[in-house]
Amino acid sequence: MTGPAKTVRVLLDDGDEPAASKPHGSHEPTDEARRPANLRRWPIAAAAALLLVGGLVAAQGVIDRRERAATERLRDVPGVLLPVDESLRELWQTDLTWLWAPPVRVGTDLVVGQVGPDGSQTVRALRADTGEVLWEAPVAPPEPSPPTSMEWQATPPACQLAAADSLVSCQVWDGYELGAVEWAEPDEPDRPLPTRQRLVVIDPAERAIVVEHELERLGSVVMLDDVFVTATADAQGIVTVRARDVRSAQTRWTRDLAPVPADEGAALDDWATTWGTEAVLSPSPHGLGLSVMAAQGTWMLAADGAVLHAGPPGSRLESLRAGAVTLTDQATGSVVLLGADGSRAPHPGHAVRLTVDDGSAPGRCLMTRGGLIVHDCATGEPLWTLDSYVPTTGVLLDGVLYSSSASWVFAIDIVGEEVLWQWERENGAPSDNALHTDGRALLVPDEPTRSGSFSAPTRVVALSLADGEELWTAPINQEGSGSWLVSVAGMLALLEGAEPERLRLYGS
């Protein structure tokens, strides 16, 4: 049996003629006669091949440059992971102290506080891909007499990045003694409490401590660029917020906050009535500065200490996006949108919590109330709605909201007002419904073999940001002891729910 005849394209030189036009009876050229023609042909073919290869290389180069540009643009956006691919796997494990004292990322390394069995404390730099200790700086000696009357665990140093100076500042608590906490029940035994707090500033490049600052009282500290901010409350209820230079400790600014009158008939929640003189600071996203929560009230401050908003005790101020702040009464659950001029507008839905927000689509905020509502951040006025999608969390990149609801993962252009694509899980949504991204793909926790809302994810599916196409999958949690995936200093970490509780670090 013979196959179909192949069609062969023949290149003719200028001097050649088709066979049909040759005189009858003419002879075929000899090998010697063919050689000059062949020699003339090969440079043309070689040049064509080089052009083809060069074009492919150039096209791939453009793609690579675009990917690098996108990765670089999102490198410092909170929540964006280090680049991963189909080789995603468990790299190493660590204990759960990382959850309440998470590491900071310095380049591709991690800097984290550690506590030894004797109570000594160090700050270590680790290779992100192996957990190998690159260097460590001792910051507290062993506790001279660790309390033995009860199980105790010293709080590890909590580190933050001082971005302007490329320094790492770590809160260190030591000098433990038995005492009673303000919120303890009357019959609760005393517990080990730190008596001293310091801010230890480390230069990762020099692998050395630059300076230490003694802090007046135990409490929270927030880094704002090159200053550290503390807050204390006096006997009259005045909360003083103070910002100091991270190197010299010279005061940059102070702000005294008078108690905010409680709304008539408002019931204070447990937090506001039990923390006493403590003032808790937390950084506000989108460059707004920080929020201050105390029994005397709640405030949002700009980076220079100016008061942007204030709320009564027991309330919570939350930045949705740049220029959009909500005030929540934690006793009643009512929410209002605060305008820059002090005006208030009802915010009758739940804000969509953005785990990644690159700042695109400014002026548009997101909430859910039986569907997705895209509204004006300043006025609260709805711009458009989408009834069939109910996101609670999401990733916002280039004006596109990536989120999930039940079995579906979807992409919505919040400026163009359209659904771009959707992807359905094989067997419903696992308990882990959060999405992650490295700026190149959307990473979806998935559990295709079991159904039920409490199943743990067993794989990660990478979807194309552009069209939702499955790019690759990678297994996770093969022992079946995991609970959910979290983002830790730019890495995926599996939080285990079984004993012993551990974090498994994943990467490529």
For a side chain to side chain contact (heavy atoms under 4.5 Å, CB included) check, start with the C-alpha distance between Val241 and Val292, then their side-chain angles and the critical distance, and finish with the verdict. CA-CA 9 Å; Val241 184; Val292 185; 4.2 Å; yes
Could you go through the side chain to side chain contact (heavy atoms under 4.5 Å, CB included) check for Asp357 and Arg321 one step at a time? CA-CA 8 Å; Asp357 182 354; Arg321 303 198 70 204; 2.9 Å; yes
Test side chain to side chain contact (heavy atoms under 4.5 Å, CB included) applied to Val221 and Val229, step by step: CA-CA 6 Å; Val221 178; Val229 185; over 6 Å; no
Verdict with reasoning, Phe410 to Leu386, per side chain to side chain contact (heavy atoms under 4.5 Å, CB included): CA-CA 12 Å; Phe410 47 84; Leu386 196 60; over 6 Å; no
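The two residues Pro391 and Val352 come nearest to each other via the heavy atoms O-CG2, 3.8 Å. The shortest non-hydrogen separation linking Gly439 to Leu465 is O-CD1, 3.6 Å. Contact detail for Arg364 and Ile414: the closest heavy-atom pair is NH1-O, 2.8 Å. Between Pro157 and Val172, the closest heavy-atom pair is CB-CG2, 4.2 Å. Annotation for Asp358 and Leu397: closest pair OD2-CA, 3.4 Å, computed over non-hydrogen atoms. Nearest heavy atoms, Leu435 versus Thr355: O-OG1, 3.9 Å.
A distance of 10.0 Å separates OG of Ser508 from CG of Leu82, quoted to the nearest 0.5 Å. To the nearest 0.5 Å, atom CG of residue Leu338 and atom NE2 of residue His309 are 5.5 Å apart. With values rounded to the nearest 0.5 angstrom, Met367 atom CE is found 8.5 Å from Leu337 atom CG. If you take CH2 on Trp173 and CD on Gln121, they are separated by 9.0 Å, rounding to the nearest 0.5 Å. The OG atom of Ser403 sits 12.5 Å away from atom CD of Gln422, with the distance rounded to the nearest 0.5 Å. Leu354 contributes atom CG, which lies 9.0 Å from atom CG of Leu320 (distance to the nearest 0.5 angstrom).
Considering only heavy atoms from C-beta on, Leu126 comes within 4.5 Å of Val112 through its side chain. A heavy-atom distance below 4.5 Å is not found between the side chains of Ser464 and Trp421. Taking the side chain as every heavy atom from C-beta outward, Arg425 and Ser404 approach each other to under 4.5 Å. Residues Ser487 and Leu81 form a side-chain contact, since some pair of their non-hydrogen atoms from C-beta on lies under 4.5 Å apart. Contact annotation: the side chain of Ser169 approaches that of Gln160 to within less than 4.5 Å [non-hydrogen atoms, C-beta and beyond]. No side-chain heavy atom of Leu463 sits less than 4.5 Å from a side-chain heavy atom of Leu471. A 4.5 Å side-chain heavy-atom check between Leu317 and Thr326 finds every atom pair outside the cut-off. By the 4.5 Å heavy-atom criterion applied to side chains, Thr230 and Arg244 are counted as neighbours.
Residues satisfying the salt bridge (Lys or Arg N to Asp or Glu O under 4.0 Å) test with Arg459, not counting sequence neighbours, are Glu426, Asp446. With sequence neighbours excluded, the residues that form a salt bridge (Lys or Arg N to Asp or Glu O under 4.0 Å) with Asp129 are Arg127. Here Arg252 pairs with Asp226, Asp245 under the salt bridge (Lys or Arg N to Asp or Glu O under 4.0 Å) rule; sequence neighbours left out. Considering only residues two or more places apart in sequence or on other chains, Glu318 meets the salt bridge (Lys or Arg N to Asp or Glu O under 4.0 Å) condition with Arg316.
Residue pairs meeting the side-chain hydrogen bond (donor to acceptor under 3.5 Å, both in side chains) criterion with at least one partner in residues 391-402, sequence neighbours excluded, are Arg73-Asp398.
Between the side chains of Glu470 and Trp423, a donor-acceptor pair is found at a separation under 3.5 Å.
Side-chain atoms of Thr298 come within 3.5 Å of backbone atoms of Ser315 as a donor-acceptor pair (strictly under, hydrogens ignored). No donor-acceptor pair under 3.5 Å is formed between the side chain of Thr122 and the backbone N or O of Arg124. Asp438 places a side-chain N or O within donor-acceptor distance of the main-chain N or O of Val84, the cut-off being under 3.5 Å.
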What side-chain donor-acceptor pairs closer than 3.5 Å can you find for residues 193-202, not counting sequence neighbours?
unit_1, atom_1, unit_2, atom_2, d
Thr195, OG1, Gly175, O, 2.6
Arg196, NE, Asp174, OD1, 3.1
Arg196, NH1, Glu214, OE2, 3.4
Arg196, NH2, Asp174, OD2, 2.8
Gln197, OE1, Gly219, N, 2.9
Gln197, NE2, Gly219, O, 2.8
Arg198, NH1, Val139, O, 3.2
Arg198, NH1, Glu212, OE1, 2.9
Arg198, NH2, Val139, O, 2.8
Arg198, NH2, Asp174, OD2, 3.2

